[in-house]
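Notes follow the structure.
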Amino acid sequence: MAITALMPVYPRCEVRPVRGEGVYLYGEDGTKYLDMAAGIAVNCLGHAHPVLTKAIAEQAATLMHVSNVYGSPQGEHLAQRLVDHSFADTVFFTNSGAEAVECAIKTARRYHFANGHAERHNLITFSNAFHGRTMGAISATNQAKMRDGFEPLLPGFKYAEFNDLAGALALIDDNTAGFLVEPIQGEGGIRVATPEFLQGLRKACDEHGLMLVLDEVQAGYGRTGKFFAHELYGITPDIMAAAKGIGGGFPLGACLATEEAAKGMVFGTHGSTYGGNPLAMAAGEAVLDVILDDGFFEHVTKMGERLRGALEQMIPNHDHLFEEVRGRGLMLGLKLKVDSRRFVAFLRDEHQLLTVAAGENIVRLLPPLVIDESHIAECVEKLSAAARVYVAASDD
Ligand SMILES: *Cc1c(COP(=O)(O)O)cnc(C)c1O
C-alpha cells in the first residue's frame with residue numbers, strides 16, 4: 001500500500017514536536033523551535049501553561065464526560081462568564097471552530113424561520129474567507145482549493161468581495177438571512193476589515209432585519225488585544241463563532257448569540273455529544289482565568305506594537321523580500337514579494353522559527369499571547385538571518 005496510515009491531507013514535515021514549554025517546541029530529536037505559530041492561534045497561553053495543565057489534570061481525575069441530557073454546572077458557569085464579558089446572552093459549546101460556524105449558520109437560518117421567514121436562508125459571505133472544513137463551512141467560502149471535488153455543496157451562500165461594502169449590500173434580496181464574515185481574515189492573508197465595511201454591514205443588518213454573523217475563531221479571544229476583534233470596530237454581532245484560543249489547545253469552540261438571534265434554537269433543534277463536556281469547560285475556565293486577569297489584553301496590545309514595530313524596522317534592510325506588515329495585536333502578517341510557503345518552510349527547517357503561511361504571500365505571526373520582548377527580539381533576529389541567506393540562495 002502506498003497510502004500512509006495517517007490520511008495524507010497535510011503536507012507534514014520534519015518538525016515532529018513531542019514537547020512544549022512556553023513559547024518553545026521541542027522535536028523528537030531535541031531540536032528547539034521558537035513557536036510564533038501557536039498551533040495556528042490556538043496555544044494562546046503557550047505550551048504547558050501551569051494554570052491550564054493543572055485545571056485539565058484535576059478535572060480529568062474528577063469527571064471527564066457526561067451526556068448533555070444531564071444538567072451542566074460546568075457549562076452554565078463558563079457560558080455565564082462569556083455572557084458577562086460579551087454581547088451575547090447565550091452560548092452553545094462545540095469541539096471545533098467549524099462546528100461553531102455550523103451552529104452560527106443554523107442559528108441565523110432558524111431565526112428567520114422562527115419569524116415566519118423560512119425563505120430568508122441565504123448568507124452573504126466573502127472572498128478568501130475561511131470558515132472551516134465541514135460541508136457547511138466550505139460552502140460558505142468561494143475558495144476553489146477547499147471546495148473542488150466536494151460538490152454538491154450546501155446551497156444558501158452568496159459571495160461578495162471582502163471590504164467591498166457596496167458590493168455586499170447589492171446582494172441583499174428577499175432571501176437574505178444575513179452576513180457571515182471574519183473581522184480579520186486569517187487563512188485568507190491577515191486581511192483586516194475596514195471600519196466602514198464592518199460598521200456598514202452592521203447598519204444594513206439593522207435596517208433590513210438581517211443577522212450579522214462574525215467568525216472570530218482566529219481573531220477572537222484576546223488575539224487583537226481586545227477580548228473579541230469586533231470591539232475594535234465599536235459594533236457587536238448578533239451571532240459569533242469562537243474557537244482556537246478558547247481552550248488554549250484543548251479542543252473547544254463556542255457559538256455565541258443574543259437572545260433575539262437565538263430565538264429559533266429551542267429544545268431539540270441542535271446538539272453535540274461531546275460539546276461542553278466538563279473537561280473542555282475546565283480548560284475554558286483556565287484560559288479565561290488567565291486572559292481576563294488585569295493587564296493581559298494590554299500586554300497583548302503592547303507586544304503586538306513591539307512586534308509590528310520591530311518587523312517594520314527590519315523591512316527596509318530586506319526590501320527585495322519583505323513588503324509590509326498588516327494585522328492587529330498579535331495577529332500579524334508579513335507580506336512577502338515572493339511565495340510565502342517556501343519561505344515559511346525555510347524559516348522552520350533552517351532557522352527553527354515556526355510561522356504559518358497564508359494567502360497573498362503572507363507569513364502569519366500568531367504567537368502565544370504570553371510572549372515577551374525577548375521572544376520578539378529572537379523572532380526578528382531569526383527572520384533577518386533567514387532573509388539574508390534566503391537572498392543569497394536565490395541569487396546563486
Ligand atoms: C481555524 C478556523 C476555522 C475552523 O476551525 P476548526 O477548529 O479547524 O474547525 C473557522 N474559521 C476561522 C476564521 C478559522 O481561522
Side-chain angles (χ1 to χ4, degrees), residues 7 9-10 37-44 92-108 123 125-143 145-147 150 154 157 159 162-163 179-193 198 212-224 226 228-230 232 237 239-256 272 274-277 280 283-284 287 326-333 355-360 362-367 369:
M7 195 182 275
V9 294
Y10 280 103
I40 315 189
V42 169
N43 305 103
C44 56
F92 181 86
F93 290 113
T94 67
N95 311 291
S96 68
E99 285 170 275
V101 169
E102 287 286 334
C103 181
I105 294 169
K106 289 177 73 172
T107 303
L123 281 168
T125 68
F126 296 91
S127 54
N128 286 323
F130 181 73
H131 298 297
R133 299 297 196 138
T134 58
M135 290 304 298
I138 63 172
S139 304
T141 179
N142 70 345
Q143 292 203 65
K145 66 180 180 199
M146 286 154 202
R147 301 163 49 112
F150 296 114
L154 191 68
F157 297 94
Y159 315 99
F162 187 71
N163 271 339
F179 301 99
L180 167 61
V181 61
E182 298 156 83
I184 303 177
Q185 289 190 335
E187 194 276 345
I190 311 292
R191 301 202 302 166
V192 181
L198 224 50
L212 180 62
V213 185
L214 293 184
D215 180 347
E216 292 225 22
V217 169
Q218 194 163 149
Y221 252 77
R223 180 120 318 256
T224 66
K226 298 282 183 191
F228 292 108
H230 62 258
L232 294 168
I239 304 167
M240 181 179 76
K244 292 207 160 96
I246 190 174
F250 194 89
L252 175 60
C255 175
L256 290 77
S272 167
Y274 295 127
N277 66 74
V287 168
R326 54 208 214 188
R328 291 286 183 277
L330 287 171
M331 183 172 184
L332 294 176
T355 60
V356 196
E360 304 193 326
I362 293 287
V363 175
R364 258 185 292 180
L365 297 163
L366 305 163
L369 304 180

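Order of listing sets the numbers, starting from 1, for every ligand and every atom in it.
- Near Gln218, meaning under 4.0 Å from one of its heavy atoms, ligand 1 places the atoms 15 (O).
- Here the protein heavy atom with the shortest distance to atom 11 (N) of ligand 1 is Asp215 OD2, 2.7 Å.
- Counting only heavy atoms of the protein, atom 5 (O) of ligand 1 lies nearest to Gly97 CA, 3.3 Å.
- Remark: Tyr274 OH is loosely packed, at most 12 non-hydrogen atoms of other residues, nucleotides or ligands lying under 6.0 Å away.
- Going from atom CG of Asp215 over to atom CZ of Phe126 covers 12.5 Å, rounded to the nearest 0.5 Å.
- The distance from atom OG1 of Thr224 to atom CD of Gln218, rounded to the nearest 0.5 Å, is 12.0 Å.
- In summary, of the residues considered (Ile239, Val181, Leu256), a side-chain contact (heavy atoms from CB on, under 4.5 Å) with Leu214 occurs for Val181 alone.
- In this structure Gln185 satisfies the side chain to side chain donor-acceptor pair (under 3.5 Å) test together with Arg191, sequence neighbours excluded.
- Between Val217 and ligand 1, not a single N/O pair is under 3.5 Å apart.
- Using a 4.0 Å cut-off between charged nitrogen and carboxylate oxygen, Glu187 and Lys145 count as a salt-bridge pair.
- Short contacts between ligand 1 and Lys244, defined as distances under 4.0 Å to a heavy atom of the residue, involve ligand atoms 1 (C), 2 (C), 3 (C), 14 (C), 15 (O).
- The ligand atoms of ligand 1 that sit less than 4.0 angstrom from a heavy atom of Glu182 are 13 (C).
- Close approach to Ser96 involves these atoms of ligand 1, each under 4.0 Å from a residue heavy atom: 7 (O), 9 (O).
- Listed by number with element, the atoms of ligand 1 under 4.0 Å from a non-hydrogen atom of Ala98 are 4 (C), 5 (O), 6 (P), 9 (O).
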